[in-house]
Amino acid sequence: PSWIFSPTAFSAWLAQIPGTTKLLYTLLAVLGSALIGIAFSFVATGFDLGHRLPAKLPARDKIIDLAIAYQAYGRAWKSSLMALVASIGVHIGSFYVFYAASEALRSGVKVADFFAIMPIVNTISSLPISVGGTGVREGLFQSLLHTLCGVKEADAVVISLTGFAIILFWGLVGGLIYLFYRPSEHAKIGDMRHDVAELEHEIAESK
C-alpha cells in the first residue's frame with residue numbers, strides 16, 4: 001500500500017470514512033493517555049516522589065509499586081529487553097492468527113492493511129467495556145474490514161470469531177501446561193517474592 005512508509009498517508013487512509021476516523025481518534029486518545037501515565041510514573045519514581053505523594057491520592061500505591069518494578073527492571077535490563085523483544089513477536093503472531101483466518105475465507109485483504117487495522121482492534125477491545133473484548137472486537141472487524149478493505153460484514157465477523165477461537169484454544173493449552181509446570185530452582189515464585197520484599201526494604205531504609 002502507498003501509505004506504508006508515510007504516516008500522513010496512513011492517517012488519511014484510516015480517516016477516509018467518518019466511522020473509522022472516530023476509531024482513529026479513540027486509538028490516539030488511549031495511546032496518548034498511556035504515554036502520559038508512563039511519563040508521569042517515570043518522573044515520580046525517578047525523583048523519588050512516590051512516598052511524598054498525599055496518602056489519599058488515587059493510585060498512590062500503584063505508583064510506589066511502579067518504583068519497585070522500575071528498579072527491578074533496571075537491575076535486570078537484559079532480561080527486560082529480551083522480554084520486550086519477545087512481546088513484539090507475540091503481538092505480530094496474534095495479528096497473523098487473525099490474518100490467517102482472513103486468508104482462509106479468501107477475503108483478499110493485504111497483509112499490510114490487515115496489520116494496520118489490528119492495533120486499533122486490539123487497543124479498543126482491551127478497554128474494560130466488555131468481557132475479553134467480546135462483541136467489541138467483532139464490531140470493530142466488521143466496521144474496519146468492511147469500510148476500508150471491502151470485506152463482507154458477515155465474513156468480517158467470522159474472521160474475528162475464528163481468530164479469537166484459535167487464540168483461546170492455544171491459551172487453554174498453555175494454561176494447562178502452566179498449571180502443571182514446576183519452575184526451576186532459580187525461578188520459583190517464593191524467590192521472586194523474596195526479591196520484591198528486599199527491594200521494598202531497601203526503599204524503606206533509604207527514606
Side-chain angles (χ1 to χ4, degrees), residues 1-42 59 62 81-175 178:
S2 60
W3 53 258
I4 195 167
F5 296 113
S6 173
T8 303
F10 173 63
S11 299
W13 180 72
L14 287 176
Q16 60 185 303
I17 298 171
T20 57
T21 301
K22 293 179 181 179
L23 293 175
L24 176 60
Y25 289 153
T26 301
L27 173 67
L28 293 175
V30 171
L31 293 179
S33 299
L35 289 175
I36 291 173
I38 292 173
F40 174 75
S41 66
F42 266 113
K62 294 295 183 182
L81 182 60
M82 290 174 62
L84 176 62
V85 173
S87 71
I88 295 173
V90 169
H91 279 291
I92 294 175
S94 69
F95 291 179
Y96 190 81
V97 168
F98 286 94
Y99 175 70
S102 171
E103 284 291 281
L105 289 176
R106 301 182 184 277
S107 66
V109 181
K110 297 177 180 178
V111 63
D113 290 346
F114 204 94
F115 274 43
I117 289 172
M118 283 305 301
I120 300 176
V121 173
N122 281 2
T123 300
I124 297 179
S125 62
S126 67
L127 297 176
I129 54 180
S130 67
V131 179
T134 304
V136 176
R137 184 186 304 103
E138 285 66 48
L140 290 170
F141 268 111
Q142 192 175 39
S143 175
L144 292 170
L145 287 180
H146 177 67
T147 55
L148 294 175
C149 304
V151 178
K152 294 180 180 178
E153 293 184 345
D155 288 349
V157 173
V158 174
I159 290 170
S160 175
L161 292 175
T162 302
F164 178 71
I166 294 172
I167 291 176
L168 178 62
F169 171 78
W170 287 110
L172 291 174
V173 172
Y178 180 78

Under 3.5 Å, sequence neighbours excluded: what are the donor-acceptor pairs made by side chains of residues 149-160?
{"residue": "Ser160", "atom": "OG", "partner": "Glu138", "partner atom": "OE2", "Å": "2.7"}

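- Interatomic distance, Leu144 CG to Ile124 CD1, rounded to the nearest 0.5 Å: 7.5 Å.
- Contacts of Phe164 classified as ring pair (Phe, Tyr, Trp, His ring centres under 6.0 Å), with partners at least two apart in sequence or in another chain: none.
- Of all heavy-atom pairs between Ala116 and Pro119, the closest is O-CD, 3.4 Å.
- Looking at Ser143, its side chain never comes within 3.5 Å of a backbone N or O of Gly139 through a donor-acceptor pair.
- Of the inter-residue distances, the one linking Arg137 atom CZ with Ser126 atom OG reads 10.0 Å to the nearest 0.5 angstrom.
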Residues 83-97 side chain polar contacts: donor-acceptor under 3.5 Å, at least two apart:
{"residue": "Ser87", "atom": "OG", "partner": "Leu84", "partner atom": "O", "Å": "2.6"}
{"residue": "Ser94", "atom": "OG", "partner": "His91", "partner atom": "O", "Å": "2.7"}

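- The side-chain hydrogen bond (donor to acceptor under 3.5 Å, both in side chains) test applied to Thr162 returns no partner, not counting sequence neighbours.
- When every heavy atom of Val121 is checked against every heavy atom of Phe141, the shortest pair comes out as CG1-CE1, 3.8 Å.
- Distance check, rounded to the nearest 0.5 Å: CD1 of Ile120 to CG of Leu31 gives 9.5 Å.
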Mind running side-chain contact (heavy atoms from CB on, under 4.5 Å) on Phe98 and Ile166 for me, showing each step along the way?
-> CA-CA 9 Å; Phe98 286 94; Ile166 294 172; over 6 Å; no

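- When all heavy atoms of Gln142 and His146 are compared, the closest pair comes out as O-CB, 2.9 Å.
- To the nearest 0.5 Å, atoms OH (Tyr99) and CD1 (Ile117) are separated by 12.0 Å.
- In terms of heavy atoms, Ala101 sits closest to Gly163 at CB-N, 4.1 Å.
- In this structure, the side chain to side chain contact (heavy atoms under 4.5 Å, CB included) partners of Val173, at least two apart in sequence or on a different chain, are Phe169, Trp170, Ile177.
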